Amino acid sequence: MFQCKDLLSGLEYECIKGSTDTVVSEVVNDSRKITAGCLFICIQGAKFDGHTAAAEAVQKGAAVLVVSHEVALGNKADETDVTVIRVSDTRYAMAFIAANYYGNPAKSMKIIGVTGTKGKTTTAYFVKYILEKAGYKVGLVGTVEAIIGDKVIPATNTTPESTTLQKYFQEMKEAGCQVVVMEASSQGLKMYRTQGFVFDYGIFTNLEPDHIAPDEHASFEEYLACKAMLFRQCRVGIVNCDDRHWRQVTEGHTCVLETYGFDEGAALRGSDLKLVTGPGFLGIDFKVSGLMNLEIQTDTPGKFNAYNALTAVAICRHFGVKEADIKNALLGAKVKGRIEMVKVSDDFTLMIDYAHNAMALESLLTTLREYHPSRLVCLFGCGGNRSRQRRYEMGEVSGKLADFTIITSDNPRFEEPQDIIEDIKTGIGRTDGKYIEICDRREAIRYAITHGQKGDIIVLAGKGHEDYQEIRGVKYPMDERVIIQEILMELGRDNEDTVKETGR
C-alpha cells in the first residue's frame with residue numbers, strides 16, 4: 001500500500017479534490033483494469049481517452065484519479081472520498097508514478113540508453129555481450145526482446161510503456177542485474193516512457209529521415225528533437241561525431257559529452273578499417289585509438305557494424321573492461337537477425353537480416369557489395385496490410401543492387417501472398433534485375449541454398465529475429481535458422497531441385 005503523495009514524488013501537481021494522504025493499493029492506466037483502491041491515470045491514447053472513464057473509475061471505487069484536464073466524475077462523486085490530482089501531462093506523470101510505485105529500481109543499477117535511426121539493437125547486444133564476458137550481470141530492453149536473467153520477453157515496442165519499463169527494472173534489480181542496456185526510441189522519448197529516472201549513459205548512433213508519419217513524427221525536426229531529449233536526461237552523453245546532426249541532437253544538453261567516430265577529432269577514434277572475408281563468413285577489422293588503444297575484429301560485416309562495435313567500446317570502457325576482454329568479446333559477438341551469418345557452405349556465405357524496408361535493404365545490399373561477391377542474391381518478401389509503396393521500393397532496390405532476387409512471402413497477414421509478390425515485381429520491373437518468384441518461403445530458402453554458387457553472398461531479408469509467419473491473424477512457427485538446418489538435413493537424403501528460374 002502507498003500514500004498518494006509518495007507516488008507523486010518528483011512531480012508538479014495540484015490536488016483539486018480529496019487528500020494526498022489517500023492510501024493507494026495499485027497503479028492502473030487501463031480502464032479495463034480499474035479496481036477498488038487503485039490510482040487510475042487518465043491517459044489520452046490514439047483511440048481512447050482515459051479521461052472519459054473517470055466516472056466509471058469512481059463507480060468502481062478508485063481511490064485516486066490523475067488527470068490533465070477537467071473530468072466528469074458522475075453522480076457518485078459527492079458520495080466518495082476520491083482524490084483528484086491534476087498534472088500538466090498524464091503520460092509524463094505516469095513515468096514518475098510508475099518509478100515510485102516500483103521503488104525507483106533504476107537508482108540501484110547503471111542504465112544505458114541507446115538512441116539513433118540505425119544500430120540501436122546491434123549496439124545494445126554488443127554491450128551486453130562485452131559486459132557479461134567481463135563478469136557483469138546485464139538486463140536488456142529492446143526491439144527484439146527484454147532479457148531479465150534467464151527470462152526472455154518478446155517485445156511489443158522498442159521502448160515499452162513506462163509502467164512496463166519500471167516493472168522490468170524492478171525484476172532486473174531482484175535478479176541481481178548491475179547494468180541495464182536499453183534502446184531509447186524516438187517514440188519512447190516523445191511519449192515520456194523514459195522519464196522518472198536518469199540514464200547514466202546516453203548514446204547517439206546516427207540520424208536519418210525515418211519514422212515521419214501521422215502516427216509517429218510530424219517532421220524530421222520533431223524526430224530530431226525527440227532524440228535530443230535523451231541528452232537532457234543522462235549524466236554522460238556518448239555521441240557519434242561523424243554524424244552531421246550530432247551538434248543539433250546535443251544542443252541544450254545537460255550532460256558531460258564524449259565523442260567517438262572515424263573522424264580525426266573524435267575522442268575515441270576508429271581508423272584503418274578493413275573488410276575481412278573467409279570460408280562462409282564476412283567481417284571487419286579496424287584500429288581504435290584515443291581514449292583506448294586496441295585492434296577490433298568482428299565476424300559482422302560492414303562499416304556500420306564498425307560503428308556499432310566502436311560505440312560498444314565507447315560505452316564499455318566506462319565499466320573498466322580491459323582492452324583484451326573487449327577485443328575477445330567482440331570477436332564472438334552475434335546478434336540474432338542482424339546480419340546473422342549461418343554457416344551452410346565454405347563456397348558461399350548465407351545470412352539472415354531484418355531489413356524490411358527500402359532504406360534498410362539498400363544499406364544492407366550496398367554494404368555487402370563492398371565485399372565483391374561473385375553474385376549478390378537477395379531473398380525477400382513484404383508484409384501484408386502495409387504500404388504498397390514499400391513493396392515497389394524494395395523491389396526496385398533489390399533489382400538494382402542484387403544480381404539475383406528471390407521474391408517470396410513474408411507476413412501476408414490478411415492479404416493474398418501472390419498479390420504482394422505482384423507489387424514487388426512491379427518495382428523490380430523498373431530495373432534490369434533478374435528474379436524468380438517462389439511464394440512458399442521455406443521452398444524459396446531451399447532454392448537459395450541448393451543454387452548457391454562459389455563466391456556468392458546470399459541474404460534472407462525481412463524476417464530477421466522473427467520466429468513466426470503471420471497469416472490471417474494467426475502466427476505460425478517459422479524460424480529461418482530452424483528451416484535452414486532442416487533443409488540441410490533433407491539435402492543429405494534428397495538434393496533434387498524442382499524449381500525453375502525465370503527472369504527479365
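On a predicted model such as this, the values are computed, not experimentally measured, just so you know.
Contact check for Ile112 versus Val179: side-chain heavy atoms found under the 4.5 Å cut-off. In this structure the side chain of Phe404 reaches within 4.5 angstrom of the side chain of Ile436, judged on heavy atoms. When side chains are defined from C-beta on, Ile445 counts as touching Glu480, because their heavy atoms get closer than 4.5 Å. Residues Arg442 and Glu486 form a side-chain contact, since some pair of their non-hydrogen atoms from C-beta on lies under 4.5 Å apart. Side-chain contact between Cys439 and Thr408 is absent, with no heavy-atom pair separated by less than 4.5 Å. Here the side chains of Ile424 and Glu437 are not in contact, with every heavy-atom distance at 4.5 Å or above. The closest side-chain heavy-atom distance from Ile421 to Lys425 is below 4.5 Å.
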task = Applying salt bridge (charged side-chain N to carboxylate O under 4.0 Å, His left out), run through Glu415 and Arg386 and close with a yes or a no.
result = CA-CA 10 Å; Glu415 286 194 67; Arg386 298 292 187 268; over 6 Å; no

Yes or no on ring pair (Phe, Tyr, Trp, His ring centres under 6.0 Å) for His451 and Phe348, after CA distance, side-chain angles and deciding distance? CA-CA 10 Å; His451 286 73; Phe348 60 86; over 10 Å; no

*asked:* Working note: Glu145 + Lys151, criterion salt bridge (charged side-chain N to carboxylate O under 4.0 Å, His left out); need CA distance, chi angles, decisive distance, verdict.
replied: CA-CA 10 Å; Glu145 61 203 356; Lys151 183 178 177 182; over 6 Å; no

Handout entry: Check against salt bridge (charged side-chain N to carboxylate O under 4.0 Å, His left out), Asp346 and Lys454
Key = CA-CA 8 Å; Asp346 286 343; Lys454 190 173 182 63; over 6 Å; no

Starting from the C-alpha separation in whole Å, work towards a yes-or-no answer on salt bridge (charged side-chain N to carboxylate O under 4.0 Å, His left out) for Glu416 and Arg472. CA-CA 9 Å; Glu416 289 299 323; Arg472 301 205 171 277; 2.8 Å; yes

inquiry  = Run Ser271 and Lys287 through side-chain hydrogen bond (donor to acceptor under 3.5 Å, both in side chains) and show every step you take.
reply    = CA-CA 5 Å; Ser271 62; Lys287 293 179 181 177; over 6 Å; no

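Between the side chain of Ser363 and the backbone N or O of Met359, no donor-acceptor pair lies under 3.5 Å. The main-chain N or O of Pro160 is never found under 3.5 Å from a side-chain atom of Thr164 such that the two would form a donor-acceptor pair. Using modelled atom types, one side-chain atom of Arg441 and one backbone atom of Ser409 make a donor-acceptor pair closer than 3.5 Å. Checked by atom type and distance alone, the side chain of Thr431 never pairs as donor or acceptor with a backbone atom of Gly427 at under 3.5 Å.
Applying the ring-ring contact (aromatic ring centres under 6.0 Å, His included) rule to pairs touching residues 112-155 yields Tyr136-Phe319, sequence neighbours excluded. Here side-chain hydrogen bond (donor to acceptor under 3.5 Å, both in side chains) pairs that include residues 273-286, with residues two or more places apart or in two chains, are Asp285-Gln297. Sorted by first then second residue, the ring-ring contact (aromatic ring centres under 6.0 Å, His included) pairs that include residues 137-185, not counting sequence neighbours, are Phe169-Phe197.
To the nearest 0.5 Å, atom CD of residue Gln187 and atom CG of residue Leu189 are 10.0 Å apart. Leu257 contributes atom CG, which lies 7.5 Å from atom SG of Cys234 (distance to the nearest 0.5 angstrom). Here the OH-CG distance, from Tyr201 to Leu230, works out to 14.0 Å after rounding to the nearest 0.5 Å.
Side-chain contact, Thr117 with Tyr223: a donor N or O sits under 3.5 Å from an acceptor N or O. For the residue pair Thr158/Glu183, the side-chain donor-acceptor check at 3.5 Å is not satisfied. No side-chain donor-acceptor contact under 3.5 Å links Gln170 and Gln166. A donor-acceptor contact closer than 3.5 angstrom links the side chains of Asn308 and Asn305.
Nearest approach of Asp353 to Ile339, heavy atoms of both residues: OD1-N, 2.7 Å. Residues Gly116 and Lys227 share a closest heavy-atom pair of O-NZ, 3.2 Å. Taking all atoms of both residues into account, the shortest heavy-atom contact from Glu370 to Leu275 is O-CD1, 3.4 Å. Considering every non-hydrogen atom in both Gly473 and Phe414, the closest pair reads N-CZ, 3.4 Å. Shortest non-hydrogen contact noted between Gly119 and Thr123 is O-OG1, 2.8 Å. Counting all heavy atoms, side chain and backbone alike, Asp456 lies closest to Arg375 at OD2-NH2, 2.8 Å.
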If you look only at distance, which donor and acceptor atoms sit under 3.5 Å apart when one is on a side chain in residues 461-471 and the other is two or more places apart or in another chain?
| unit_1 | atom_1 | unit_2 | atom_2 | d |
| --- | --- | --- | --- | --- |
| Lys463 | NZ | Asn411 | OD1 | 2.7 |
| Lys463 | NZ | Glu466 | OE1 | 3.0 |
| Lys463 | NZ | Tyr468 | O | 2.5 |
| His465 | ND1 | Arg338 | NH1 | 3.0 |
| Glu466 | OE1 | Asn411 | ND2 | 3.2 |
| Gln469 | NE2 | Asp410 | O | 2.7 |

Using residues 260-270 as the side-chain source, report each donor-acceptor pair under 3.5 Å to any protein atom, sequence neighbours left out, with the distance given to one decimal.
| unit_1 | atom_1 | unit_2 | atom_2 | d |
| --- | --- | --- | --- | --- |
| Tyr260 | OH | Phe204 | O | 3.2 |
| Tyr260 | OH | Thr311 | OG1 | 2.8 |
| Asp263 | OD1 | Gly265 | N | 2.8 |

Can you list, pair by pair, the side-chain donor-acceptor contacts under 3.5 Å of residues 321-337, counting residues two or more places apart and other chains?
| unit_1 | atom_1 | unit_2 | atom_2 | d |
| --- | --- | --- | --- | --- |
| Asn328 | ND2 | Ala324 | O | 3.2 |

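A salt bridge does not link Glu362 with Lys400: none of the charged nitrogens is closer than 4.0 Å to a carboxylate oxygen. Under 4.0 Å is where a charged nitrogen must lie from a carboxylate oxygen, and between Arg317 and Glu258 at least one such pair does. For Arg247 and Glu251, the salt-bridge test fails: no basic side-chain N is under 4.0 Å from an acidic carboxylate O. Glu396 and Arg430 are joined by a salt bridge, as a carboxylate oxygen and a charged side-chain nitrogen come within less than 4.0 angstrom of each other. A salt bridge links Glu222 to Lys190: at least one charged side-chain nitrogen sits closer than 4.0 Å to a carboxylate oxygen.
Annotation: side-chain hydrogen bond (donor to acceptor under 3.5 Å, both in side chains) contacts of Asp423 (sequence neighbours excluded): Arg388, Arg391. Under the rule for a side-chain hydrogen bond (donor to acceptor under 3.5 Å, both in side chains), the partners of Thr405 that lie at least two apart in sequence or sit in another chain are Ser398. When the salt bridge (Lys or Arg N to Asp or Glu O under 4.0 Å) test is applied to Lys128, the partners found at least two apart in sequence or on another chain are Glu132. Evaluation of the side-chain hydrogen bond (donor to acceptor under 3.5 Å, both in side chains) rule for Glu340 yields Arg481 as partners, not counting sequence neighbours. Under the side-chain hydrogen bond (donor to acceptor under 3.5 Å, both in side chains) criterion, Ser185 pairs with Thr159, not counting sequence neighbours. Asp200 pairs by the salt bridge (Lys or Arg N to Asp or Glu O under 4.0 Å) definition with Lys110, Arg235, not counting sequence neighbours.
Ring geometry for Tyr354 against His356 counts as tilted: the plane angle lies between 30° and 60°, on a 0 to 90° scale.
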